[in-house]
Amino acid sequence: MKIMLIRFLAVFLILLSIHSCETQEDTIKEFVSNGEGVTVGAVQKVFVGLGINKLQLDVVVNADPRVANLLIFEEDLVHEFEIVRSADGYDTLTYLLSLEDRLYNFNLLVEDIDGNLSLPYELVVSVPGTDYISTLSTRRVTSFDYDRSKEGMVLNFGSVFSNMLETFVTYASRGGFENTIILSNDSTSLIIDDYRAEGDLVVISSYQPILKGDETSFEDFYALDTIKLVFPACEELASINTSTTFIDFGEVQSATTSEIKSFTLQSDDCLFDDINLLVNAPYSISKTGVGNWSTSLDFNDISVPQNIFVRMRPTTIVNDEIIQDVITFTAGNLTSAAETQVSLRGRVKF
């Protein structure tokens, strides 16, 4: 009697255990039992690609021509995809799932045309998305200054964060184009010499998600905290340096050309756009000193010294007349109307 009681209790516990196991395995077994006695080729291999709230599965199936569908079980959900072969024999099929960012425990089964199911292929994967992106940071800009010796704005960058791919620096050039410089992780600085004054500069870093095993990423993940800076404007032309502020031609014979004088012109701490030099006759200016004399000269950049040549060619018939003038400088990206001048003086003689 005691032995029979023990057997009864053992059977009762086994039945209770089976009944209480309402899990994903039970759901899969219900599907598999429909094809009892029929063998369906299981999934051979799965290659995982991670995107932003996306999962790309490259699924390898065998040569069985009867396979019709791929079933992906995840808790109480079933994702069903048609198997469309691109080649005979073993084939790799690609499927894309849109998912929330969290850890998933999948079982992949192959279904044939008669509804028979293969054994499950287990896959555990963490899908990154908006929650992961919220943890990313753009690489810091530690300094942003004009350096005349380097002829441009110098940006220095801080340390690289874990899983960072690269950093993108986008700005508007003086020519009106949007330029993007890609800063590698092993670079710590860059120089920009063609920026537009008072133009915006935007910095953003990209990442790849944390990968396990042979997982890959098919999308870059960008930090949300973009860094925005503004290039400086030249507030006054006093930051343009000239090698002299006064040129005296002495006595110049009427209807003749004076000795050619020169001075240098250079910006101290800013890149000027559309620089214009203007003077009045009988004075004229040139970039070479051997031709192309004019009362107006234009420059696109004076971050390096520019030689300016000046001459006097009087036509007056008044003896001992003193003719004075100034060379004025203007630039397109000024925030004030200040001007720098070089004064000129000459005496006309017969």
Hey, does the side chain of Thr94 reach the backbone of Asp58 with a donor-acceptor pair shorter than 3.5 angstrom?
no
Within the side chain of Arg139, is there an N or O that forms a donor-acceptor pair under 3.5 Å with the backbone of Gly158?
yes
Between Asp320 and Lys349, does the side-chain contact (heavy atoms from CB on, under 4.5 Å) criterion hold? Intermediate values first, please.
CA-CA 5 Å; Asp320 283 335; Lys349 296 294 289 183; 2.7 Å; yes
If Ile, Leu, Val, Met, Phe, Trp and Tyr residues are connected whenever their side-chain heavy atoms lie under 4.5 Å apart, and connections chain through other members, are Ile181 and Val160 in the same group?
no
Short question: side chain of Ser243, backbone of Thr264 - any donor-acceptor pair under 3.5 Å?
yes
Taking the six-membered ring for Trp, is the centroid-to-centroid distance between Phe231 and Phe144 below 6.0 Å?
yes
Measure the shortest side-chain to side-chain distance between Leu109 and Asn107 over non-hydrogen atoms and say whether it is less than 4.5 angstrom.
yes
Residues Lys228, Asp200: salt bridge by 4.0 Å N-O rule:
no
For the backbone of Pro128 and the side chain of Lys54, can you confirm whether one donor and one acceptor N or O come within less than 3.5 Å of each other?
no
Could you go through the side-chain contact (heavy atoms from CB on, under 4.5 Å) check for Ile52 and Ile133 one step at a time?
CA-CA 9 Å; Ile52 302 174; Ile133 291 175; 3.9 Å; yes
Please round to the nearest 0.5 Å and tell me the distance separating atom CD1 of Ile247 and atom OG of Ser262.
7.5 Å
Flag yes if more than 12 heavy atoms outside Asn292 fall under 6.0 Å of its CG atom; otherwise flag no.
no
Apply salt bridge (Lys or Arg N to Asp or Glu O under 4.0 Å) to the pair Glu74 and Arg102, showing each step before the final yes or no.
CA-CA 12 Å; Glu74 191 274 313; Arg102 65 177 178 86; 3.1 Å; yes
Hydrogens and angles aside, do Thr180 and Thr170 bring a side-chain donor and acceptor to less than 3.5 Å of each other?
yes
In terms of heavy-atom contacts, Ser258 and Val252 come closest through CB-CG2, 3.7 Å
Are any of the side-chain heavy atoms of Val203 and Phe157 separated by less than 4.5 Å?
yes
With distance as the sole test, does Asp91 use its side chain to make a donor-acceptor pair with the main-chain N or O of Ser86 at under 3.5 Å?
yes
Tell me every residue that passes ring pair (Phe, Tyr, Trp, His ring centres under 6.0 Å) with Tyr207, counting only those two or more places apart in sequence or in another chain.
none
Hydrophobic cluster membership, with links at side-chain heavy-atom distances under 4.5 Å among I/L/V/M/F/W/Y: are Tyr171 and Leu190 in one?
yes
Please check if the number of heavy atoms outside Asp248 that lie under 6.0 Å from its CG is greater than 12.
yes
Pair listing, ring-ring contact (aromatic ring centres under 6.0 Å, His included) test, anchored in residues 304-324, at least two apart:
none
Taking the ring of Phe81 and the ring of Tyr95, is the distance between their centroids below 6.0 Å?
yes
Treating Ser187 as the side-chain partner and Ser189 as the backbone partner, does any N or O pair qualify as donor plus acceptor under 3.5 Å?
no
Could you tell me which non-hydrogen atom of Gly291 sits nearest to which non-hydrogen atom of Ser286, and how far apart they are?
O-OG, 2.7 Å
Residue set satisfying ring pair (Phe, Tyr, Trp, His ring centres under 6.0 Å) with Phe221, at least two apart, ordered chain then number -> Tyr132
Looking only at non-hydrogen atoms, find the nearest pair between Pro314 and Gln253 and report the distance.
CG-O, 3.6 Å
Should Met153 and Pro232 count as side-chain neighbours, where that means a heavy-atom distance under 4.5 Å?
yes
How close do Ile260 and Gly289 get, heavy atom to heavy atom, and via which atoms?
CD1-O, 3.4 Å
Any heavy-atom pair between the side chains of Ile182 and Thr167 that's under 4.5 Å?
no
Just so I know, are the side chains of Leu278 and Thr330 near enough to count as touching, which here means a heavy-atom distance under 4.5 Å?
no
Would Leu165 and Val141 show up in the same hydrophobic cluster when neighbours are defined by side-chain heavy atoms closer than 4.5 Å?
no
Given the rule in the side-chain contact (heavy atoms from CB on, under 4.5 Å) test, do Ile275 and Leu277 qualify, once you have shown the distances and angles that lead to the verdict?
CA-CA 7 Å; Ile275 303 100; Leu277 280 66; 4.0 Å; yes
Would you find a donor on one side and an acceptor on the other, under 3.5 Å apart, between the side chain of Gln341 and the backbone of Ile327?
no
What pair of heavy atoms forms the shortest contact from Val40 to Ser118, and how long is it?
O-CB, 3.3 Å
My understanding is that a hydrophobic cluster links ILVMFWY residues whose side chain heavy atoms are under 4.5 Å apart, including indirect links. Using that, what else belongs to the cluster containing Ile322?
none
Please walk me through it: do Asn53 and Thr130 pass side-chain contact (heavy atoms from CB on, under 4.5 Å)?
CA-CA 7 Å; Asn53 289 116; Thr130 52; 3.7 Å; yes
Output the distance between atom NZ (Lys45) and atom OG1 (Thr92), rounded to the nearest 0.5 Å.
11.5 Å
Using a 4.5 Å cut-off on heavy atoms from C-beta on, say whether the side chain of Asn319 contacts that of Val348.
no
Report yes if the side chains of Tyr104 and Leu99 come closer than 4.5 Å at any heavy-atom pair, otherwise no.
yes
When you check the gap from the basic side-chain N to the acidic O, do Asp225 and Arg140 get nearer than 4.0 Å?
yes
Nearest-0.5 Å distance, CZ of residue Phe106 to CG of residue Leu77
9.5 Å
Value rounded to 0.5 Å, distance of CG in Leu229 from OH in Tyr195
13.0 Å
Drop me the distance from Ile192's CD1 to Asp194's CG, to the nearest 0.5 angstrom.
7.5 Å
Applying a strict under-4.5 Å side-chain criterion to I, L, V, M, F, W and Y, I'd like to know whether Val230 and Val169 cluster together.
no
Strictly distance-based, threshold 3.5 Å: is any side-chain N or O of Asp325 a donor or acceptor partner for the main-chain N or O of Asn280?
yes
Roughly how far, to the nearest 0.5 Å, is the CD1 atom of Ile204 from the CZ atom of Phe168?
8.5 Å
Give a yes or no answer on whether the side chain of Asp101 reaches the backbone of Asp131 with a donor-acceptor pair at less than 3.5 Å.
yes
Regarding Ser206 and Asp220, do their side chains bring together a donor and an acceptor under 3.5 Å, going by distance alone?
no
Starting from Trp293, can I reach Phe249 by hopping between I/L/V/M/F/W/Y residues whose side chains sit under 4.5 Å apart?
no
Taking the side chain as every heavy atom from C-beta outward, state whether Thr245 and Val342 have any pair of such atoms under 4.5 Å apart.
no
Backbone N/O of Val154 and side chain of Asp145: donor-acceptor pair under 3.5 Å
no
Quick one: side-chain contact (heavy atoms from CB on, under 4.5 Å) partners of Thr257, sequence neighbours excluded?
Arg311, Arg313
Non-neighbouring partners of Ser294 that pass side-chain contact (heavy atoms from CB on, under 4.5 Å), sequence neighbours left out:
Ser296
